[in-house]
Amino acid sequence: MDTLVRLLQLLVLILTLPLHLMALLGFWEPLCKTYFPYLMAMLTVKCNRKMDSKKQELFSQIKGLAGASGKVALLELGCGTGANFQFYPCGCRITCLDPNPHFEKFLTKSMAKNRHLEYERFVVAFGEDMKQLASGSMDVVVSTLVLCSVQSPKRVLQEVRRVLRPGGMFFFWEHVAEPRGSWAFLWQQVLEPTWKHIGDGCCLTRETWKDLENAQFSELQMERQPPPIKWLPVGPHIMGKAVK
């Protein structure tokens with residue numbers, strides 16, 4: 001099976017050789033950072049239509065998590081285009097964090113459409129190092145389709161726990177690997193080296209549920225769901241919450 005994967009990976013590499021050469025020469029990443037927000041703006045509209053009821057159900061739980069200020073201090077990791085803003089309850093104070101500064105103009109549009117929220121700031125940083133955010137400063141942290149593309153999910157989850165206040169909650173919706181040994185998992189392995197370039201670092205074969213289980217949250221609730229967009233190579237999704 002490993003030999004078949006390597007042969008098929010080689011075939012895909014040959015078919016997409018210009019992309020890999022651009023990546024090798026350092027030309028692809030700046031281009032990807034520029035076009036990726038436009039791709040996400042298109043895909044998130046479709047995802048939200050399919051996931052509307054599930055997101056409403058998940059994020060409705062945020063309402064009761066206000067801190068001493070009476071408002072919910074919410075950090076969204078990999079905020080992207082602000083596709084989740086419409087699901088957050090009134091009065092949340094939103095801090096957005098993303099390593100790609102090209103998302104800011106999309107965030108501005110989403111903020112204008114969602115005046116029920118208060119916007120604190122947009123932090124350009126990686127989730128593995130959120131030193132600009134104080135420990136225990138957040139009531140809620142949200143991550144949707146982010147842990148697939150970070151360098152270290154373990155380190156990101158450590159930072160999530162650090163910035164959350166005691167009793168604060170981490171809400172997540174992430175795509176994960178297909179079952180090992182399945183044909184679907186084989187194709188994820190085949191496509192992953194190329195998909196990482198197309199998807200700005202997105203990994204298809206991450207077993208993110210294991211990172212969540214090992215992250216030392218006091219409570220973890222998680223459910224598995226089919227992918228909302230069938231024609232993409234991403235696998236099943238996990239959705240849930242974890243309590244610090």
Output a table of donor-acceptor pairs, distance under 3.5 Å, between side-chain atoms of residues 90-98 and any protein atom two or more places apart or on a different chain; print 'none' if there are none.
| unit_1 | atom_1 | unit_2 | atom_2 | d |
| --- | --- | --- | --- | --- |
| D98 | OD1 | N100 | N | 2.9 |
| D98 | OD2 | C79 | N | 3.4 |
| D98 | OD2 | G80 | N | 3.2 |

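Ring pair F87/F59 is tilted by interplanar angle, where 30° to 60° counts as tilted.
With sequence neighbours left out, K154 forms a salt bridge (charged side-chain N to carboxylate O under 4.0 Å, His left out) with no residue at all. Every salt bridge (charged side-chain N to carboxylate O under 4.0 Å, His left out) that E159 has, sequence neighbours left out, goes to R155, R162. Remark: D200 pairs with K33 by the side chain to side chain donor-acceptor pair (under 3.5 Å) rule, at least two apart or across chains. Scored by the salt bridge (charged side-chain N to carboxylate O under 4.0 Å, His left out) test, R180 finds E207 as partners (sequence neighbours excluded). For R206, the salt bridge (charged side-chain N to carboxylate O under 4.0 Å, His left out) criterion is met by no residue, not counting sequence neighbours. Looking at residues two or more places apart in sequence or on another chain, you find a side chain to side chain contact (heavy atoms under 4.5 Å, CB included) between L21 and L17. Among residues two or more places apart in sequence or in another chain, the side chain to side chain donor-acceptor pair (under 3.5 Å) test is passed with E192 by T205. Take E118 and apply the side chain to side chain donor-acceptor pair (under 3.5 Å) test, not counting sequence neighbours, and it matches K71.
Residues L13 and Q9 form no side-chain contact, since every pair of their non-hydrogen atoms from C-beta on lies 4.5 Å or further apart. Between F217 and R161 there is a side-chain heavy-atom pair separated by less than 4.5 Å. Residues K196 and C203 are in side-chain contact: their nearest non-hydrogen atoms beyond the backbone lie under 4.5 Å apart. H175 places a side-chain heavy atom less than 4.5 Å from the side chain of C202. H20 has its side chain out of reach of W28: every pair of non-hydrogen atoms, C-beta onward, lies at least 4.5 Å apart. Annotation: side chain of M222 is in contact with side chain of F172 (closest heavy-atom distance under 4.5 Å). The side-chain heavy atoms of L4 and V190, taken from C-beta on, include no pair separated by under 4.5 Å. Contact check for P236 versus V176: side-chain heavy atoms found under the 4.5 Å cut-off.
Listed for the T194 side chain is no donor-acceptor partner under 3.5 Å among the backbone atoms of L191. With hydrogens and angles disregarded, a donor-acceptor distance shorter than 3.5 Å links the side chain of T16 to the backbone of V12. In terms of modelled atom types and a separation under 3.5 Å, the side chain of S182 and the main chain of E178 share no donor-acceptor contact. Formation of a donor-acceptor pair under 3.5 Å by the E128 side chain with backbone atoms of Q151 is found in this model.
For M130 against L77, the heavy-atom pair with the smallest separation is SD-CD2, 3.4 Å. In plain terms, the two heavy atoms of V123 and L133 that are nearest each other are CG2-CD2, 4.5 Å. Residues D211 and P153 share a closest heavy-atom pair of OD2-CB, 3.7 Å.
No option in L10, T3, L8 other than T3 meets the side-chain contact (heavy atoms from CB on, under 4.5 Å) test with R6. The salt bridge (charged side-chain N to carboxylate O under 4.0 Å, His left out) test with D139 is passed by exactly one of K63, R165, K244: R165.
The 12-atom threshold is not exceeded at CH2 of W187, counting heavy atoms of other residues, nucleotides or ligands nearer than 6.0 Å. Atom CD of E120 has more than 12 neighbouring heavy atoms from other residues, nucleotides or ligands inside a 6.0 Å radius. Surrounding CD of Q61 are more than 12 heavy atoms belonging to other residues, nucleotides or ligands, all under 6.0 Å away.
Pairs engaging residues 101-110 under the side-chain hydrogen bond (donor to acceptor under 3.5 Å, both in side chains) rule: Y38-K105 [sequence neighbours left out]. Under the side-chain hydrogen bond (donor to acceptor under 3.5 Å, both in side chains) criterion, the residue pairs touching residues 74-91 are K55-N84, E76-N84, E76-Y88, N84-T144, with sequence neighbours excluded.
Members clustered with F126: none, using a 4.5 Å side-chain heavy-atom cutoff among hydrophobic residues.
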